[in-house]
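Okay, structure first, notes after.
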Amino acid sequence: MKTNLQTQFDALFDAGAMLDQVQTWCAINTGTANVDGLSKLADVLAQAFGALPGTVEQIDPAPVTAIAADGREFAKEHGKHLVLRVRPTANRRILLTGHMDTVFPVDHPFQEQTWLEDGVLNGPGVADMKGGIAVMLHALMAFEQTASAGSLGYDVLLNSDEETGSLASSDLIAEMARGKLAALTYEPAALPDGTLAHARGGTGNYSITLTGKSAHAGRNPHEGRNALVAAADLILRLKAMEREDITINPAKLEGGGPNNVVPDHALLRFNIRPKSTAAMEGFDSDLNTLLRSVESDHEVSAHRHGGVTRPPKPVDEKAQTLFDLVKECGEELGQHIAWKSTGGVCDGNNIAACGVPVVDTMGVRGGSIHSSDEFLITASLTERAALSARVIQRIAEGAIT
(Lines give C-alpha, C1' and ligand atoms only; values in the text may rest on other atoms or scores of the structure.)
Protein backbone atom coordinates (compact mmCIF):
# COMPACT_ATOMS: atom_id res chain seq x y z
CA MET A 1 0.00 0.00 0.00
CA LYS A 2 1.38 3.40 -0.96
CA THR A 3 2.17 5.89 1.80
CA ASN A 4 1.83 9.66 1.58
CA LEU A 5 5.59 9.88 1.09
CA GLN A 6 5.46 7.43 -1.83
CA THR A 7 2.67 9.49 -3.38
CA GLN A 8 4.81 12.63 -3.01
CA PHE A 9 7.75 10.95 -4.70
CA ASP A 10 5.55 9.51 -7.45
CA ALA A 11 4.76 13.07 -8.48
CA LEU A 12 8.46 13.54 -9.26
CA PHE A 13 8.65 10.65 -11.73
CA ASP A 14 7.34 10.21 -15.25
CA ALA A 15 6.87 6.45 -15.57
CA GLY A 16 6.30 6.64 -19.32
CA ALA A 17 9.48 8.63 -19.91
CA MET A 18 11.48 6.20 -17.79
CA LEU A 19 10.18 3.23 -19.74
CA ASP A 20 10.83 4.97 -23.07
CA GLN A 21 14.45 5.54 -22.01
CA VAL A 22 14.92 1.90 -21.03
CA GLN A 23 13.49 0.68 -24.32
CA THR A 24 15.65 3.10 -26.31
CA TRP A 25 18.79 2.06 -24.45
CA CYS A 26 17.97 -1.64 -24.81
CA ALA A 27 17.60 -1.23 -28.55
CA ILE A 28 21.35 -0.51 -28.66
CA ASN A 29 23.35 -3.72 -28.43
CA THR A 30 26.05 -3.34 -25.78
CA GLY A 31 27.59 -6.77 -25.45
CA THR A 32 30.88 -6.25 -23.63
CA ALA A 33 32.88 -6.82 -26.83
CA ASN A 34 30.70 -4.47 -28.91
CA VAL A 35 32.82 -1.35 -28.47
CA ASP A 36 30.87 0.56 -31.14
CA GLY A 37 27.55 -0.14 -29.42
CA LEU A 38 28.97 0.84 -26.04
CA SER A 39 30.30 4.08 -27.50
CA LYS A 40 26.88 4.88 -28.93
CA LEU A 41 25.14 4.21 -25.62
CA ALA A 42 27.77 6.17 -23.68
CA ASP A 43 27.01 9.22 -25.82
CA VAL A 44 23.27 8.81 -25.24
CA LEU A 45 23.75 8.39 -21.49
CA ALA A 46 26.13 11.34 -21.30
CA GLN A 47 23.36 13.53 -22.65
CA ALA A 48 20.78 12.04 -20.23
CA PHE A 49 23.00 12.43 -17.15
CA GLY A 50 23.88 15.93 -18.33
CA ALA A 51 20.54 16.95 -16.81
CA LEU A 52 22.23 16.71 -13.39
CA PRO A 53 24.34 19.61 -12.03
CA GLY A 54 27.77 18.12 -12.61
CA THR A 55 30.42 17.33 -15.19
CA VAL A 56 30.27 14.26 -17.41
CA GLU A 57 33.31 12.63 -18.99
CA GLN A 58 34.22 9.43 -20.76
CA ILE A 59 37.31 7.68 -19.44
CA ASP A 60 39.49 5.24 -21.35
CA PRO A 61 39.48 1.62 -20.13
CA ALA A 62 42.55 0.20 -18.43
CA PRO A 63 44.53 -2.30 -20.56
CA VAL A 64 43.46 -5.93 -20.16
CA THR A 65 44.97 -9.11 -21.59
CA ALA A 66 43.57 -12.60 -22.11
CA ILE A 67 44.94 -15.96 -23.23
CA ALA A 68 44.07 -17.37 -26.68
CA ALA A 69 43.55 -21.10 -27.27
CA ASP A 70 47.13 -21.42 -28.49
CA GLY A 71 48.47 -19.94 -25.25
CA ARG A 72 49.22 -16.54 -26.75
CA GLU A 73 48.50 -13.50 -24.56
CA PHE A 74 46.62 -10.75 -26.36
CA ALA A 75 45.08 -7.36 -25.58
CA LYS A 76 41.30 -7.21 -25.14
CA GLU A 77 39.49 -4.11 -26.32
CA HIS A 78 36.89 -2.46 -24.08
CA GLY A 79 34.61 0.54 -24.28
CA LYS A 80 35.04 3.79 -22.41
CA HIS A 81 33.54 4.31 -18.96
CA LEU A 82 31.11 7.13 -18.21
CA VAL A 83 31.73 9.27 -15.10
CA LEU A 84 29.62 12.06 -13.59
CA ARG A 85 30.86 14.19 -10.68
CA VAL A 86 28.43 16.40 -8.77
CA ARG A 87 29.60 18.79 -6.02
CA PRO A 88 33.10 17.24 -5.87
CA THR A 89 34.19 19.56 -3.03
CA ALA A 90 31.33 18.59 -0.70
CA ASN A 91 32.40 17.21 2.68
CA ARG A 92 29.90 14.36 2.43
CA ARG A 93 29.96 12.33 -0.78
CA ILE A 94 28.58 8.99 -2.01
CA LEU A 95 29.17 6.75 -5.05
CA LEU A 96 26.55 5.32 -7.40
CA THR A 97 27.55 2.67 -9.94
CA GLY A 98 26.07 0.74 -12.82
CA HIS A 99 27.20 -0.87 -16.05
CA MET A 100 26.39 -0.27 -19.70
CA ASP A 101 27.38 -3.70 -21.02
CA THR A 102 25.22 -6.82 -21.31
CA VAL A 103 26.03 -10.51 -21.79
CA PHE A 104 24.43 -10.56 -25.24
CA PRO A 105 26.93 -10.03 -28.11
CA VAL A 106 25.96 -8.27 -31.30
CA ASP A 107 25.39 -11.61 -33.10
CA HIS A 108 23.27 -13.15 -30.32
CA PRO A 109 19.72 -14.05 -31.42
CA PHE A 110 18.20 -12.24 -28.41
CA GLN A 111 18.01 -8.62 -29.57
CA GLU A 112 14.32 -7.68 -29.55
CA GLN A 113 11.90 -6.59 -26.82
CA THR A 114 8.58 -8.32 -26.23
CA TRP A 115 5.70 -7.67 -23.85
CA LEU A 116 5.09 -10.91 -21.94
CA GLU A 117 2.03 -9.42 -20.28
CA ASP A 118 0.84 -6.02 -19.17
CA GLY A 119 3.69 -4.47 -17.16
CA VAL A 120 6.26 -7.20 -17.86
CA LEU A 121 8.81 -6.45 -20.58
CA ASN A 122 11.20 -9.07 -21.98
CA GLY A 123 14.39 -7.86 -23.62
CA PRO A 124 18.21 -7.84 -23.50
CA GLY A 125 19.39 -5.70 -20.61
CA VAL A 126 15.94 -4.53 -19.49
CA ALA A 127 16.72 -5.62 -15.92
CA ASP A 128 20.49 -6.09 -16.03
CA MET A 129 20.88 -3.26 -16.04
CA LYS A 130 19.52 -0.56 -18.30
CA GLY A 131 16.43 -0.47 -16.13
CA GLY A 132 18.75 0.08 -13.17
CA ILE A 133 20.49 2.98 -14.92
CA ALA A 134 17.10 4.65 -15.41
CA VAL A 135 16.30 4.14 -11.71
CA MET A 136 19.63 5.74 -10.75
CA LEU A 137 19.21 8.71 -13.10
CA HIS A 138 15.67 9.57 -12.05
CA ALA A 139 16.38 9.03 -8.35
CA LEU A 140 19.17 11.60 -8.58
CA MET A 141 16.97 14.01 -10.52
CA ALA A 142 14.31 13.68 -7.81
CA PHE A 143 16.90 14.12 -5.05
CA GLU A 144 18.12 17.34 -6.68
CA GLN A 145 14.62 18.76 -6.11
CA THR A 146 14.84 18.24 -2.34
CA ALA A 147 15.98 20.86 0.17
CA SER A 148 18.92 18.71 1.31
CA ALA A 149 20.49 18.27 -2.13
CA GLY A 150 23.14 20.95 -1.66
CA SER A 151 24.65 19.21 1.37
CA LEU A 152 25.69 16.02 -0.46
CA GLY A 153 28.03 15.40 -3.37
CA TYR A 154 28.16 12.25 -5.44
CA ASP A 155 30.02 10.47 -8.21
CA VAL A 156 28.38 8.21 -10.79
CA LEU A 157 30.29 5.49 -12.63
CA LEU A 158 28.79 3.54 -15.52
CA ASN A 159 31.46 1.08 -16.64
CA SER A 160 31.65 -0.90 -19.87
CA ASP A 161 32.94 -4.27 -18.65
CA GLU A 162 31.09 -5.39 -15.51
CA GLU A 163 29.77 -8.55 -17.13
CA THR A 164 33.32 -9.82 -17.73
CA GLY A 165 34.72 -8.93 -14.31
CA SER A 166 35.42 -5.17 -14.49
CA LEU A 167 39.11 -5.76 -15.21
CA ALA A 168 39.22 -2.60 -17.33
CA SER A 169 37.53 -0.52 -14.63
CA SER A 170 38.57 -2.02 -11.26
CA ASP A 171 41.21 0.65 -10.60
CA LEU A 172 38.70 3.36 -11.49
CA ILE A 173 36.13 1.83 -9.11
CA ALA A 174 38.68 1.84 -6.29
CA GLU A 175 39.68 5.44 -7.06
CA MET A 176 36.08 6.65 -7.07
CA ALA A 177 35.14 4.69 -3.92
CA ARG A 178 37.92 6.32 -1.91
CA GLY A 179 36.59 8.60 0.84
CA LYS A 180 32.91 7.93 0.16
CA LEU A 181 30.34 7.62 2.97
CA ALA A 182 28.44 4.88 1.19
CA ALA A 183 27.72 3.42 -2.23
CA LEU A 184 24.66 2.25 -4.12
CA THR A 185 24.89 -0.07 -7.11
CA TYR A 186 22.01 -0.69 -9.49
CA GLU A 187 22.07 -4.38 -10.23
CA PRO A 188 18.52 -5.80 -10.38
CA ALA A 189 16.99 -7.04 -7.15
CA ALA A 190 18.03 -10.55 -6.15
CA LEU A 191 14.42 -11.74 -6.44
CA PRO A 192 11.41 -10.40 -8.40
CA ASP A 193 9.80 -9.30 -5.13
CA GLY A 194 12.58 -6.76 -4.58
CA THR A 195 14.74 -8.75 -2.15
CA LEU A 196 18.27 -7.33 -1.94
CA ALA A 197 21.52 -9.28 -2.19
CA HIS A 198 23.29 -9.21 1.20
CA ALA A 199 26.69 -10.89 1.69
CA ARG A 200 28.36 -12.20 -1.47
CA GLY A 201 31.11 -14.68 -2.19
CA GLY A 202 34.03 -13.78 -4.43
CA THR A 203 35.18 -15.04 -7.80
CA GLY A 204 38.34 -15.55 -9.79
CA ASN A 205 39.12 -16.71 -13.32
CA TYR A 206 42.33 -18.47 -14.26
CA SER A 207 43.94 -19.73 -17.46
CA ILE A 208 46.76 -22.26 -17.11
CA THR A 209 48.92 -22.92 -20.18
CA LEU A 210 50.76 -26.27 -20.05
CA THR A 211 53.66 -26.88 -22.43
CA GLY A 212 55.09 -30.37 -22.90
CA LYS A 213 57.02 -32.03 -25.72
CA SER A 214 55.60 -33.57 -28.88
CA ALA A 215 56.60 -37.01 -30.12
CA HIS A 216 55.30 -39.79 -32.38
CA ALA A 217 52.59 -41.70 -30.54
CA GLY A 218 53.80 -45.03 -31.99
CA ARG A 219 57.55 -44.78 -32.53
CA ASN A 220 58.77 -42.85 -29.49
CA PRO A 221 55.91 -41.79 -27.19
CA HIS A 222 58.21 -42.12 -24.17
CA GLU A 223 60.20 -39.16 -25.46
CA GLY A 224 57.11 -36.94 -25.43
CA ARG A 225 55.62 -35.02 -22.51
CA ASN A 226 51.84 -35.10 -22.78
CA ALA A 227 50.38 -31.69 -21.91
CA LEU A 228 46.80 -33.00 -21.98
CA VAL A 229 47.59 -35.69 -19.42
CA ALA A 230 49.19 -33.04 -17.22
CA ALA A 231 46.08 -30.87 -17.61
CA ALA A 232 43.79 -33.79 -16.73
CA ASP A 233 45.84 -34.44 -13.60
CA LEU A 234 45.68 -30.74 -12.74
CA ILE A 235 41.88 -30.77 -13.07
CA LEU A 236 41.56 -33.64 -10.59
CA ARG A 237 43.94 -31.99 -8.15
CA LEU A 238 42.05 -28.70 -8.38
CA LYS A 239 38.75 -30.41 -7.59
CA ALA A 240 40.42 -32.08 -4.60
CA MET A 241 41.19 -28.59 -3.24
CA GLU A 242 37.50 -27.74 -2.82
CA ARG A 243 36.33 -27.10 0.71
CA GLU A 244 33.23 -25.76 2.38
CA ASP A 245 34.47 -22.22 1.86
CA ILE A 246 35.55 -22.49 -1.80
CA THR A 247 34.30 -24.19 -4.97
CA ILE A 248 36.41 -24.76 -8.09
CA ASN A 249 34.93 -25.19 -11.54
CA PRO A 250 37.21 -26.45 -14.35
CA ALA A 251 35.33 -24.95 -17.28
CA LYS A 252 37.22 -25.53 -20.52
CA LEU A 253 40.18 -27.64 -21.70
CA GLU A 254 41.75 -26.83 -25.07
CA GLY A 255 44.67 -28.41 -26.90
CA GLY A 256 45.79 -31.60 -28.55
CA GLY A 257 45.90 -32.55 -32.20
CA PRO A 258 46.26 -35.67 -34.40
CA ASN A 259 45.83 -39.03 -32.69
CA ASN A 260 49.35 -40.08 -33.60
CA VAL A 261 51.09 -37.12 -31.92
CA VAL A 262 51.81 -36.71 -28.22
CA PRO A 263 50.25 -33.27 -27.54
CA ASP A 264 52.67 -30.63 -26.35
CA HIS A 265 50.08 -27.93 -25.55
CA ALA A 266 47.00 -27.65 -23.36
CA LEU A 267 45.08 -24.71 -21.94
CA LEU A 268 42.84 -25.09 -18.90
CA ARG A 269 40.38 -22.38 -17.90
CA PHE A 270 38.68 -22.52 -14.51
CA ASN A 271 36.71 -20.42 -12.06
CA ILE A 272 36.82 -20.28 -8.26
CA ARG A 273 34.16 -19.05 -5.83
CA PRO A 274 35.72 -18.28 -2.42
CA LYS A 275 33.34 -17.46 0.41
CA SER A 276 35.96 -15.73 2.54
CA THR A 277 39.10 -13.66 2.09
CA ALA A 278 41.10 -16.40 3.84
CA ALA A 279 39.88 -19.00 1.33
CA MET A 280 40.70 -16.67 -1.57
CA GLU A 281 44.22 -15.94 -0.38
CA GLY A 282 44.87 -19.54 0.62
CA PHE A 283 43.88 -20.85 -2.80
CA ASP A 284 46.07 -18.39 -4.67
CA SER A 285 49.09 -19.51 -2.66
CA ASP A 286 48.24 -23.21 -2.88
CA LEU A 287 47.83 -22.95 -6.66
CA ASN A 288 51.47 -21.98 -7.09
CA THR A 289 52.53 -25.03 -5.08
CA LEU A 290 50.20 -27.25 -7.10
CA LEU A 291 51.54 -26.00 -10.43
CA ARG A 292 55.12 -26.66 -9.37
CA SER A 293 54.12 -30.22 -8.44
CA VAL A 294 52.40 -30.82 -11.80
CA GLU A 295 55.43 -29.42 -13.62
CA SER A 296 57.72 -31.79 -11.75
CA ASP A 297 55.54 -34.89 -12.03
CA HIS A 298 54.85 -34.51 -15.76
CA GLU A 299 58.01 -32.69 -16.86
CA VAL A 300 56.00 -29.86 -18.40
CA SER A 301 55.98 -26.12 -17.84
CA ALA A 302 52.94 -24.28 -16.52
CA HIS A 303 52.09 -20.61 -16.94
CA ARG A 304 49.20 -19.03 -15.01
CA HIS A 305 47.17 -16.03 -16.09
CA GLY A 306 44.37 -14.31 -14.22
CA GLY A 307 43.32 -14.47 -10.60
CA VAL A 308 40.64 -13.17 -8.27
CA THR A 309 38.59 -10.50 -9.99
CA ARG A 310 36.15 -9.82 -7.17
CA PRO A 311 36.92 -10.52 -3.50
CA PRO A 312 34.20 -11.83 -1.17
CA LYS A 313 31.80 -9.20 0.19
CA PRO A 314 30.97 -9.79 3.85
CA VAL A 315 28.48 -7.44 5.53
CA ASP A 316 30.12 -5.61 8.43
CA GLU A 317 28.52 -3.22 10.90
CA LYS A 318 28.84 -0.20 8.61
CA ALA A 319 27.30 -2.07 5.69
CA GLN A 320 24.47 -3.39 7.85
CA THR A 321 23.68 0.18 8.92
CA LEU A 322 23.20 1.04 5.24
CA PHE A 323 20.98 -2.01 4.69
CA ASP A 324 18.90 -1.02 7.70
CA LEU A 325 18.54 2.49 6.29
CA VAL A 326 17.29 1.10 2.96
CA LYS A 327 14.78 -1.06 4.84
CA GLU A 328 13.60 1.91 6.91
CA CYS A 329 13.18 4.04 3.79
CA GLY A 330 11.23 1.21 2.18
CA GLU A 331 8.86 1.15 5.15
CA GLU A 332 8.35 4.90 4.81
CA LEU A 333 7.31 4.29 1.20
CA GLY A 334 5.15 1.24 1.86
CA GLN A 335 7.73 -1.15 0.40
CA HIS A 336 8.83 -4.30 2.21
CA ILE A 337 12.60 -4.67 1.93
CA ALA A 338 14.33 -7.95 2.75
CA TRP A 339 17.71 -9.41 1.85
CA LYS A 340 19.51 -12.71 1.36
CA SER A 341 23.10 -13.82 0.82
CA THR A 342 24.07 -14.92 -2.68
CA GLY A 343 26.86 -16.60 -4.58
CA GLY A 344 26.65 -14.04 -7.37
CA VAL A 345 29.16 -11.22 -7.71
CA CYS A 346 29.19 -7.65 -9.02
CA ASP A 347 30.97 -4.32 -8.64
CA GLY A 348 29.61 -4.19 -5.10
CA ASN A 349 32.32 -6.71 -4.21
CA ASN A 350 35.00 -4.32 -5.45
CA ILE A 351 33.51 -1.37 -3.60
CA ALA A 352 33.20 -3.26 -0.31
CA ALA A 353 36.85 -4.29 -0.61
CA CYS A 354 37.68 -0.56 -0.41
CA GLY A 355 36.01 -0.37 3.01
CA VAL A 356 32.93 1.49 1.75
CA PRO A 357 29.47 0.20 2.80
CA VAL A 358 27.42 -0.71 -0.26
CA VAL A 359 23.98 -2.01 -1.19
CA ASP A 360 24.38 -3.37 -4.69
CA THR A 361 20.89 -4.42 -5.80
CA MET A 362 19.09 -1.08 -5.85
CA GLY A 363 17.92 -1.62 -9.43
CA VAL A 364 14.61 -2.84 -10.82
CA ARG A 365 12.53 -5.86 -9.98
CA GLY A 366 12.70 -8.49 -12.69
CA GLY A 367 14.39 -11.80 -13.33
CA SER A 368 15.89 -14.48 -15.60
CA ILE A 369 18.91 -12.25 -16.23
CA HIS A 370 21.70 -13.52 -18.51
CA SER A 371 19.12 -15.47 -20.51
CA SER A 372 16.70 -14.82 -23.36
CA ASP A 373 13.91 -14.86 -20.77
CA GLU A 374 15.19 -11.71 -19.00
CA PHE A 375 12.30 -9.52 -17.90
CA LEU A 376 11.55 -6.20 -16.22
CA ILE A 377 8.53 -5.47 -14.02
CA THR A 378 7.91 -1.95 -15.29
CA ALA A 379 6.08 -0.71 -12.17
CA SER A 380 9.36 -1.09 -10.31
CA LEU A 381 10.99 1.74 -12.29
CA THR A 382 9.27 4.48 -10.27
CA GLU A 383 9.02 2.33 -7.15
CA ARG A 384 12.76 1.72 -6.91
CA ALA A 385 13.60 5.27 -8.01
CA ALA A 386 11.57 6.57 -5.08
CA LEU A 387 13.40 4.18 -2.75
CA SER A 388 16.80 5.40 -3.95
CA ALA A 389 15.81 9.05 -3.84
CA ARG A 390 14.68 8.66 -0.24
CA VAL A 391 17.83 6.78 0.78
CA ILE A 392 20.04 9.46 -0.78
CA GLN A 393 17.98 12.18 0.88
CA ARG A 394 18.36 10.50 4.28
CA ILE A 395 22.12 10.19 3.77
CA ALA A 396 22.25 13.88 2.92
CA GLU A 397 20.41 14.58 6.17
CA GLY A 398 23.03 12.69 8.17
CA ALA A 399 21.64 9.16 8.49
CA ILE A 400 25.08 7.73 7.65
CA THR A 401 28.10 9.07 9.52
Side-chain angles (χ1 to χ4, degrees), residues 32-33 62-78 103 105 161 163-168 170 201-275 277-311 345:
T32 311
V64 174
T65 63
I67 302 297
D70 62 3
R72 176 180 52 86
E73 187 171 1
F74 67 96
K76 287 190 69 174
E77 189 178 12
H78 289 93
V103 299
D161 66 329
E163 294 293 7
T164 54
S166 301
L167 297 178
S170 58
T203 188
N205 293 305
Y206 294 79
S207 297
I208 309 297
T209 305
L210 295 155
T211 304
K213 182 180 179 182
S214 61
H216 193 287
R219 290 184 177 182
N220 59 332
H222 58 282
E223 294 181 6
R225 299 296 181 263
N226 194 311
L228 279 181
V229 171
D233 186 22
L234 175 58
I235 289 171
L236 294 177
R237 296 195 201 190
L238 283 169
K239 289 300 289 183
M241 292 170 65
E242 284 192 327
R243 303 188 300 271
E244 184 177 342
D245 58 358
I246 187 169
T247 59
I248 302 166
N249 182 50
K252 190 172 186 180
L253 178 59
E254 301 169 277
N259 284 353
N260 62 349
V261 176
V262 175
D264 63 355
H265 167 76
L267 176 64
L268 172 63
R269 306 182 194 271
F270 67 92
N271 173 263
I272 67 168
R273 297 284 171 149
K275 297 180 181 178
T277 300
M280 174 187 74
E281 294 174 347
F283 174 83
D284 206 63
S285 175
D286 291 344
L287 178 60
N288 288 331
T289 302
L290 173 58
L291 293 179
R292 286 194 295 269
S293 177
V294 169
E295 285 179 320
S296 175
D297 291 350
H298 295 273
E299 298 181 35
V300 298
S301 64
H303 175 265
R304 58 176 280 180
H305 180 276
V308 172
T309 54
R310 302 193 193 277
V345 295

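Counting begins at 1 with the first residue of the sequence. On a predicted model such as this, the values are computed, not experimentally measured, just so you know.
Counting all heavy atoms, side chain and backbone alike, Phe74 lies closest to Ile67 at CE2-C, 3.7 Å. Heavy-atom minimum distance, Thr203 versus Pro274: N-CD, 3.9 Å. When all heavy atoms of Leu228 and Gly256 are compared, the pair lying nearest together is CD1-CA, 3.9 Å. Residues Pro250 and Leu268 come closest through the heavy atom pair CB-CD1, 4.4 Å. Across all non-hydrogen atoms, the minimal contact from Lys275 to Glu244 is NZ-O, 3.3 Å. Gly204 and Asn271 get closest at one heavy-atom pair: O-ND2, 3.1 Å.
The closest donor-acceptor contact from the side chain of Arg243 to the backbone of Ala240 lies at 3.5 Å or more, if one exists at all. Not a single donor-acceptor pair under 3.5 Å links the side chain of Asn220 to the backbone N or O of Glu223.
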Stepwise side chain to side chain donor-acceptor pair (under 3.5 Å) test for Thr32 and Glu163: CA-CA 7 Å; Thr32 311; Glu163 294 293 7; over 6 Å; no
side-chain contact (heavy atoms from CB on, under 4.5 Å) evaluation trace for Lys213 with Val262: CA-CA 7 Å; Lys213 182 180 179 182; Val262 175; over 6 Å; no
Step-by-step side-chain contact (heavy atoms from CB on, under 4.5 Å) determination, Arg273 to Val345: CA-CA 9 Å; Arg273 297 284 171 149; Val345 295; 4.0 Å; yes
Worked check of side-chain contact (heavy atoms from CB on, under 4.5 Å) between Leu238 and Leu287: CA-CA 8 Å; Leu238 283 169; Leu287 178 60; 4.1 Å; yes
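At a threshold of 4.5 Å between non-hydrogen side-chain atoms, the residues Thr289 and Ser293 do not count as touching. Inter-residue side-chain proximity for Leu267 and Leu253 is flagged as unmet; no heavy-atom pair is nearer than 4.5 Å. The side-chain heavy atoms of Glu77 and Val64, taken from C-beta on, include no pair separated by under 4.5 Å. Between Phe270 and Ile208, some side-chain heavy-atom pair lies under the 4.5 Å cut-off. Counting only heavy atoms from C-beta outward, the side chains of Val300 and Thr211 never approach each other to under 4.5 Å.
If you take OG on Ser301 and CZ on Arg225, they are separated by 12.5 Å, rounding to the nearest 0.5 Å. Separation of atoms OG1 (Thr209) and NE2 (His303) is listed at 7.0 Å; rounding is to 0.5 Å. Here Ser285 contributes atom OG and Met280 contributes atom CE; the two are 12.0 Å apart, rounded to the nearest 0.5 Å. With values rounded to the nearest 0.5 angstrom, Asp161 atom CG is found 9.0 Å from Lys76 atom NZ. From Asn205, atom CG reaches atom NE2 of His305 across 11.0 Å, with rounding to the nearest 0.5 Å. If you take OH on Tyr206 and CD1 on Ile272, they are separated by 4.0 Å, rounding to the nearest 0.5 Å.
A donor and an acceptor atom, one from each side chain of Asp233 and His298, are located under 3.5 Å apart. Checking Arg310 against Ser170 by side-chain atom types alone, no donor-acceptor pair falls below 3.5 Å.
For Arg304, the salt bridge (charged side-chain N to carboxylate O under 4.0 Å, His left out) partners at least two apart in sequence or on another chain are Asp284. When the salt bridge (charged side-chain N to carboxylate O under 4.0 Å, His left out) test is applied to Lys239, the partners found at least two apart in sequence or on another chain are Glu242.
Salt-bridge check for Arg237 with Asp286: failed, with every basic side-chain N at 4.0 Å or more from each acidic carboxylate O.
Applying the side chain to side chain donor-acceptor pair (under 3.5 Å) test to pairs two or more places apart or on separate chains, those with a residue in residues 247-266 are Glu254-Arg269.
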